[in-house]
Amino acid sequence: MALLPKRVKYRKTQRGKIKGNATSGTDLAFGEFGLQLLERGWLSNVQLEAARVAITRHMKRKGKLWLRMFPDKSVTKKPAETRMGKGKGAPEMWVIVVLPGKILLEVGGIPEVTAREAMRLAAAKIGMRTKFITRHGF
């Protein structure tokens with residue numbers, strides 16, 4: 001299941017600056033446990049899907065998982081050994097622009113021990129510094 005938008009207004013996007021901290025999406029909204037990102041950068045659709053699969057496999061179809069972010073920015077790439085110029089390359093992948101403090105995933109309906117281990121497995125797939133958070137703040 002590839003995570004990519006059905007339609008976009010513009011096929012090719014500019015890279016943009018990634019600065020500041022997250023102002024919204026920093027609190028748990030759905031589940032009891034979450035995975036909060038502590039770094040800024042791009043998170044690809046492949047990384048997000050790998051994290052989702054790791055969590056669902058560990059939870060063994062118990063509980064519920066919420067993906068709080070979606071890859072909606074296209075990243076273009078020119079073919080290898082191509083000369084400079086001749087326009088912008090074709091869209092290669094889709095990414096999420098990630099800011100520190102943003103919650104990426106939430107789970108609920110499972111014990112904290114299971115959730116903590118599932119989030120640890122997911123964090124290994126993401127490749128950014130993350131923090132396990134609970135609704136109670138312990």
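For the single chain, residues carry numbers from 1 onward in sequence order. Values below: every heavy atom of this structure, side chains too, minus hydrogens, waters and symmetry copies.
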Nearest 0.5 Å please: distance from the [atom1] atom of [X] over to the [atom2] atom of [Y].
| X | Y | atom1 | atom2 | result |
| --- | --- | --- | --- | --- |
| E106 | D27 | CD | CG | 9.5 Å |
| K62 | T114 | NZ | OG1 | 8.5 Å |
| R11 | K88 | CZ | NZ | 10.5 Å |
| K73 | Q14 | NZ | CD | 8.0 Å |
| L28 | T134 | CG | OG1 | 7.5 Å |

ILVMFWY network linking [X] to [Y], side-chain heavy atoms under 4.5 angstrom:
| X | Y | answer |
| --- | --- | --- |
| I110 | F30 | no |
| F70 | L67 | yes |
| W42 | I103 | no |
| W94 | L43 | no |
| L3 | W66 | no |

Quiz item: Who pairs with R129 by side-chain contact (heavy atoms from CB on, under 4.5 Å), at least two apart in sequence or on another chain?
Solution: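 Checked R129 against side-chain contact (heavy atoms from CB on, under 4.5 Å); matches are L38, E39.
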Quiz item: Is there a donor-acceptor contact under 3.5 Å from the side chain of K102 to the main chain of S24?
Solution: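 Side chain of K102 to backbone of S24: a pair is present.
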So, do [X] and [Y] sit near enough that their side-chain heavy atoms are less than 4.5 Å apart?
| X | Y | value |
| --- | --- | --- |
| K125 | Q47 | no |
| R68 | L104 | no |
| L35 | I126 | yes |
| R52 | L65 | yes |

To check you understand the geometry: which heavy-atom pair defines the closest contact between [X] and [Y], and what is its length?
| X | Y | result |
| --- | --- | --- |
| P91 | S74 | CB-CB, 4.4 Å |
| L48 | P71 | CD2-CD, 4.0 Å |
| M59 | A118 | CG-CB, 4.5 Å |
| A22 | T26 | O-CG2, 3.7 Å |
| G20 | P100 | O-CD, 3.6 Å |
| M119 | L105 | CE-O, 4.0 Å |

Quiz item: Has K12 got more than 12 heavy atoms of other residues, nucleotides or ligands less than 6.0 Å from its NZ?
Solution: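 Enclosed: over 12 neighbouring heavy atoms sit under 6.0 Å from NZ of K12.
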Self-check item: Pair T56-R61, side-chain contact (heavy atoms from CB on, under 4.5 Å): steps then yes or no
Solution: CA-CA 6 Å; T56 51; R61 294 197 307 264; over 6 Å; no
Self-check item: The single option from Q36, E117, R120, E112 passing side-chain contact (heavy atoms from CB on, under 4.5 Å) against F132
Solution: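 Considering Q36, E117, R120, E112, a side-chain contact (heavy atoms from CB on, under 4.5 Å) with F132 is found only for E112.
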Quiz prompt | N21 vs L99, side-chain contact (heavy atoms from CB on, under 4.5 Å): CA-CA, chis, key distance, verdict | solution = CA-CA 5 Å; N21 295 326; L99 295 173; 5.8 Å; no
Exercise. For M128 and V98, run side-chain contact (heavy atoms from CB on, under 4.5 Å): C-alpha distance rounded to whole Å, both residues' side-chain angles, the deciding distance at 0.1 Å, then the answer.
Key: CA-CA 10 Å; M128 288 183 177; V98 168; 4.2 Å; yes
Self-check item: Criterion side-chain contact (heavy atoms from CB on, under 4.5 Å) on T82 and K86, from CA distance to verdict
Solution: CA-CA 9 Å; T82 306; K86 304 277 191 284; 5.9 Å; no
